[in-house]
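All ligand and atom numbering here is 1-based and tracks the order in the structure. Since we're looking at a predicted model, the values are computed, not measured.
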Amino acid sequence: MNERATESASSLQRLFEVEIVDFNVEGAGVGRWDGRVVFVPGGVIGDRLEVRVVAERRRWLEALPVKLIEPSAHRRPALCAQQGRCGGCPLMIVDPATALAWKVRHLSRQLEKLAEVVLPIEPVLPSPLAVEYRSRVRLALTRRGGRWRAGYRPRGRGRGVVTVDRCHLLAPGGWEVVERLLAALDGASLASGQAPSHLEVRASLAAGRWLALWHGGRAAGGELRRLSRRVLEMGAPLAGVALVGRSGRRPVWVEGRREVIERIGEIAFPLGFQGFAQVNPAAAGALYRLAGRALRDPEGKAPDSLLDLYCGAGLLALHGAGPSTRVVGVEADPAGLRPAAAAARVRGLDDARFVAGDAEAITTRLADAGERFEALAINPPRAGMGASIPRLARTLGVERVVMVSCHPATAARDVARLEAAGFRAVAVGAVDMFPQTPHLEVVIRLESEGGR
Ligand SMILES: C[S@@+](CC[C@H](N)C(=O)[O-])C[C@H]1O[C@@H](n2cnc3c(N)ncnc32)[C@H](O)[C@@H]1O
């Protein structure tokens, strides 16, 4: 459904009945009609629906429900009035056990299809919270009826903003911060073009403190800064506000706190306005503990040396390392490095360094310099790891790899590449880090075949 659909084909606007038998990666229902796959946003496995075609390709149709002829036994009411409009929680209308079973099935299918790996998936670790779990969200801003509103831009559905009255995924306190800042914007006199395009809020849930980041406002100082200061003076839970310009780089200005101390799993670290942070800290704690155990040897001994690629705040490495482990972390966004170094110090790791740069380029340099690592932790962005990393991991003498990913398809492709380079997948675990959505966080352990 990512491709742009044509509007000229003959099935457009047609009505027909379809039974939903699966979900796609975006959480839309999947059925078949007239030899073609039909994607039905809002369809639940087991539903019988009347649908109307809204987009068409040679091999697939996209159709919207017109009538629920026979609802699935797995269907449940959405607890959010915007569900189905904002694009954020397609599985909120599915009972949690069915949703999770589908996620596991999808992961198994991807591993089998793309990597020819058939392994049992360990019982999925649940998210402690099914809603109100997110500590971070980025909202698009728009002015409607003379008031500022926040919302989402659903993928592939034009340029509009679907405004939301409250996002039920955001942790307590977050929406109050958003509302205070929007109310302050309402009372301000920002010239057109000076208003920010987005508002991001992120929290230390451990401390119950939030940071707010305006994006893209041209008003570098002046009114936006003054109104932010006034909201800060209202006190908790807001601790700091900043503005980043269109480049998205360092903040142009900061009011209040630059950082709040967050704790995820075993690690306390300073969380700033920028740099990667997992969106579900409670589930991320379980993820890092699982990955940390997998980085140790079968006797539970921490590796002598550990390379953490795409390391963010270094939390994978810091959970896998022991006091004498030599750690190198590599992260493209320099904003991640300060929290990583600070957390390593608190953890008492004397031999940890975190390097800013491209993971592939720096791994190549490490390999050229003859460095060796016992274990590799790797959690790349959704596009997956650099293509040369599996081969470089062999050159570095890596004995075990723990790969974490929120994207089963690219994870499976990367497993295939690691296997081709001489590693073998031995265990697959997962954490249900994103309830109400089709995403699943995967932890795959691979071992080097034939030793170093
Ligand atoms: C999914 S996050 C994982 C962060 C961390 N490993 C964790 O598990 O918490 C992926 C990270 O990769 C970083 N990144 C993206 N492209 C990169 C590249 N080419 N080289 C190094 N880091 C990169 C991003 O900035 C982001 O922090």
Side-chain angles (χ1 to χ4, degrees), residues 125 134-136 138 200 202 204-205 244 248-250 262-295 306-321 327-344 347 352-367 375-390 392-393 401-411 414 429-431 433-434 439-445:
L125 302 180
R134 284 191 73 109
S135 62
R136 174 163 70 88
R138 183 180 154 122
E200 183 177 338
R202 42 168 60 198
S204 155
L205 295 189
V244 279
R249 293 211 192 95
R250 298 175 47 161
E262 173 66 311
R263 169 173 282 279
I264 297 187
E266 311 301 323
I267 313 288
F269 64 99
L271 176 89
F273 288 98
Q274 291 168 302
F276 177 82
Q278 293 285 1
V279 298
N280 182 344
L287 166 79
Y288 290 130
R289 289 192 184 101
L290 177 68
R293 279 195 302 275
L295 282 164
L306 169 55
L307 176 63
D308 183 356
L309 295 178
Y310 308 92
C311 71
L315 298 188
L316 276 178
L318 296 176
H319 278 83
V327 172
V328 176
V330 182
E331 165 58 47
D333 179 357
L337 300 179
R338 208 190 91 71
R347 194 112 174 112
R353 73 190 151 105
F354 294 91
V355 186
D358 172 63
E360 250 180 315
I362 291 186
T363 310
T364 305
R365 256 196 269 154
L366 293 169
L376 169 63
I378 186 159
N379 181 3
R382 286 173 71 79
M385 65 178 74
S388 63
I389 286 174
L392 291 166
V401 179
V402 173
M403 200 179 89
V404 176
S405 170
C406 64
H407 198 279
T410 49
D414 288 344
V431 181
M433 191 106 106
F434 316 98
H439 307 298
L440 184 67
E441 194 80 4
V442 184
V443 181
I444 302 171
R445 186 175 197 269

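The backbone N or O of M433 lies less than 3.5 Å from a partner atom in the side chain of N280, making a donor-acceptor pair. Not a single donor-acceptor pair under 3.5 Å links the side chain of E331 to the backbone N or O of F354. Between the side chain of S405 and the backbone N or O of V442, no donor-acceptor pair lies under 3.5 Å.
Atom 5 (C) of ligand 1 has as its closest protein heavy atom C311 O, 3.3 Å. Atom 7 (C) of ligand 1 has Y288 OH, 3.4 Å as its closest protein atom, hydrogens excluded (heavy atom only). Of all protein heavy atoms, the one closest to atom 22 (N) of ligand 1 is A332 N, 3.0 Å. The protein atom (non-hydrogen) at minimum distance from atom 15 (C) of ligand 1 is P381 CG, 3.5 Å. In this structure, atom 25 (O) of ligand 1 lies nearest to the protein heavy atom E331 OE2, 2.6 Å. Regarding atom 12 (O) of ligand 1, its nearest protein heavy-atom neighbour is Y310 CB, 3.4 Å.
Residue A359 places at least one N or O, backbone or side chain, under 3.5 Å from an N or O of ligand 1.
Rounded to the nearest 0.5 angstrom, R338 CZ and Q274 CD are separated by 13.5 Å. The CG atom of L376 sits 8.0 Å away from atom OG1 of T363, with the distance rounded to the nearest 0.5 Å.
Counting atoms of ligand 1 from 1 in the listed order, those under 4.0 Å from a heavy atom of Q278 are 8 (O), 9 (O).
No side-chain heavy atom of V402 sits less than 4.5 Å from a side-chain heavy atom of L316. In this structure, M403 and D414 have side chains that are in contact, with non-hydrogen atoms separated by less than 4.5 Å.
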Side chains of residues 266-273: which donor-acceptor pairs under 3.5 Å do they make with residues two or more places apart or in other chains?
unit_1	atom_1	unit_2	atom_2	d
E266	OE2	R289	NE	2.5
E266	OE2	R289	NH2	3.3

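Contact annotation: G357 has at least one heavy atom less than 4.0 Å from an atom of ligand 1. The shortest separation from a heavy atom of L316 to ligand 1 is under 4.0 Å, placing the residue in contact. Contact analysis leaves L315 out of contact with ligand 1, as no non-hydrogen atom separation drops below 4.0 angstrom. Residue-ligand proximity: P380 is placed with a non-hydrogen atom under 4.0 Å from ligand 1.
Aromatic ring orientation, Y288 versus H319: parallel (interplanar angle below 30°, classes split at 30° and 60°).
Among N379, D358, V355, the residue whose heavy atom lies closest to atom 19 (N) of ligand 1 is D358.
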